[in-house]
Amino acid sequence: MPEENLREIKVMANLLGANDVQAEVNRNHFKQKKCLAVNLIGSPGAGKTSLLEKTLTGLGTEFGTAVIEGDMFTSRDAERIAALNIPVLQINTGSACHLDSKMVNKILPAFAWDTLDVMIIENVGNLVCPADFDLGEDFKAVVLSIAEGDDKPEKYPVIFRNAKVAVLNKIDLEPFTEVDLAKMKAQITAIHPEIKIFEVSCRTGQGLAEWTAWLAGEIRAVKETG
Amino acid sequence: MHEMSLMAGVFDIMEDILNQDEVQAVKQVRLVVGEMTNAEPEALQMAFAAYAKDTKAEGAVLEIVRAPVLARCRACRQEFPVSGLFFFCPHCGQSGLEIIQGEELLLESLEVE
C-alpha cells in the first residue's frame with residue numbers, strides 16, 4: 001500500500017468516557033436520595049474494613065448507613081460489615097483490580113434508599129487503579145497505614161491528589177517503625193494542600209472520634225441541603 | 001493492570017472506525033496519557049497488543065504521548081508546570097490550584113489506510 005493512502009482520523013475521545021457517563025448517573029442517584037457517597041481506597045491491609053467497622057459503630061443511629069464491598073474474590077469484608085447489622089452488598093470483581101461505575105450501578109437498586117444517608121464503597125485493596133475510576137461518589141477517602149512507609153504519598157500521588165481526606169491508620173505503631181510521620185504528612189500536603197488528614201488507630205481507638213465527627217458533618221451537609 | 005480496562009475504552013471508541021469498509025488497516029494509534037494518571041505506558045502496550053490481535057489494528061504502532069502536569073492558580077491566574085509533586089503556586093505561594101493538563105487519558109488520533 002503506497003504511503004499516500006495513509007490518512008489521519010482525529011478522535012480526541014476520553015478513554016474513561018463510558019465510565020464517567022455512568023458515574024454521573026450514579027452521582028445523580030446519590031444526590032436525589034440525599035445520600036453521601038464515599039469511595040474508600042487504600043492498599044491491602046491498610047485497615048479499610050477495620051476503619052469501616054469503627055466508623056459505622058461510631059456514627060451510631062443518627063444516620064442510615066450502607067456499604068458496598070469491592071473485592072476480587074472473597075466476601076470476607078462484607079461478612080464483617082453484615083455482622084454489625086448494616087446493609088451490605090459484595091461486588092466480586094474477579095480479575096479486575098478496581099471497581100468501576102457500571103459495577104456499582106448494577107447493584108444500586110438492591111438498597112432501600114429512602115432510609116439511607118451515607119453509602120460507603122470500599123474499593124479493591126489497591127492504591128493505583130481505583131484512583132482513575134470515578135464511581136459517582138461525593139469524594140474519595142484514602143486510608144494509609146503508617147507502617148507502609150512515609151514514601152508512599154510520593155509514590156502514589158494520584159490518589160492523594162484526588163482524595164478529599166486521608167486517614168493515617170495504625171498510628172499506635174509509630175514507636176515500632178522507622179516511619180517519619182511529619183514527612184509523610186508534609187508529602188501529602190505538598191501534593192494536595194487542601195486535603196484533610198486524620199491520624200487514627202483502629203486498634204486503640206485513638207483519633208477515631210475526630211474522624212467520625214468530621215464524616216458526620218459531611219453526611220449532615222448532604223442530608224440537609226441535598 | 002487497569003490498563004486492560006482503559007484499552008477496552010480505546011477499542012470501544014475505535015469500533016465504528018474499524019467497521020468502516022474503506023478502512024483496511026490501522027497503522028498507528030495515538031494516546032495522550034497525563035502524568036497525573038496511573039496508566040503505565042508498558043502495560044498499555046501489552047494491553048493494546050492483546051486487544052488488537054485479529055482486528056484491523058493488529059500490528060499498529062501505539063504511540064503514547066505523556067502530558068506533563070500544568071496548573072492554574074485560582075488566586076493570581078498564572079499558569080505553570082507542576083514539578084516535584086509540589087502543588088503550590090510558584091508565583092504567589094497559594095495552594096488553590098486547578099489542574100489544566102496532566103489528568104487526561106485520551107485517544108487523540110488514528111492513522112489508517
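Residue numbers start from 1 in every chain, and the chains themselves are labelled A, B, ... in the order their sequence lines are given, proteins ahead of strands.
- Of the possible donor and acceptor atoms, one in the side chain of A:Asp132 sits under 3.5 Å from a partner among the backbone N and O of B:Asn38.
- Ranked by non-hydrogen atom pairs under 4.5 Å with chain B, the options A:Gln187, A:Glu154, A:Glu194, A:Arg161 are led by A:Arg161.
- Within a 6.0 Å sphere centred on CZ of A:Arg76, heavy atoms belonging to other residues, nucleotides or ligands number 12 at most.
- A distance of 7.0 Å separates CD1 of A:Ile191 from CE of B:Met36, quoted to the nearest 0.5 Å.
- Enclosure of atom NZ in B:Lys56 by more than 12 non-hydrogen atoms of other residues, nucleotides or ligands within 6.0 angstrom is indicated.
- For chain A, the option among B:Leu106, B:Leu85, B:Val112 with the highest count of heavy-atom pairs below 4.5 Å is B:Val112.
- For a residue to count as touching a neighbouring chain, one of its non-hydrogen atoms must lie under 4.5 Å from one of that chain's; by this rule B:Val82 does not touch chain A.
- Residue contact with chain A, scored on non-hydrogen atoms closer than 4.5 Å, involves the backbone and the side chain of B:Leu110 alike.
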**Request:** Walk me through it: do A:Leu15 and B:Leu107 pass the test side-chain contact (heavy atoms from CB on, under 4.5 Å)?
**Result:** CA-CA 6 Å; A:Leu15 305 191; B:Leu107 171 55; 3.9 Å; yes
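- A heavy-atom distance below 4.5 Å is found between the side chains of B:Leu6 and A:Leu16.
- Neither the backbone nor the side chain of A:Tyr156 comes within contact range of chain B, judged by heavy atoms closer than 4.5 Å.
- The distance from atom CD of B:Glu111 to atom CG of A:Leu6, rounded to the nearest 0.5 Å, is 5.0 Å.
- Side-chain contact between A:His98 and B:Ser5 is present, with at least one heavy-atom pair separated by less than 4.5 Å.
- Counting heavy-atom pairs under 4.5 Å between each of B:Gln28, B:Met14, B:Glu22 and chain A puts B:Glu22 at the top.
- Separation of atoms CG (A:Asn126) and NE2 (B:His2) is listed at 8.5 Å; rounding is to 0.5 Å.
- Across A:Lys10, A:Met12, A:His192, the residue that shares the most heavy-atom pairs under 4.5 angstrom with chain B is A:Met12.
- For chain B, no part of A:Ala96 is nearby; none of its heavy atoms comes within less than 4.5 Å.
- If you take CD on B:Glu40 and SG on A:Cys129, they are separated by 10.0 Å, rounding to the nearest 0.5 Å.
- In terms of heavy-atom pairs under 4.5 Å with chain A, the best-connected choice from B:Ile13, B:Ile17, B:Val32 is B:Ile13.
- When heavy atoms are compared at a cutoff of 4.5 Å, B:Gln94 does not approach chain A at all.
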**Item:** From CA spacing to verdict: side-chain contact (heavy atoms from CB on, under 4.5 Å), B:Glu103, A:Asn162
**Value:** CA-CA 10 Å; B:Glu103 293 184 311; A:Asn162 290 342; 3.7 Å; yes
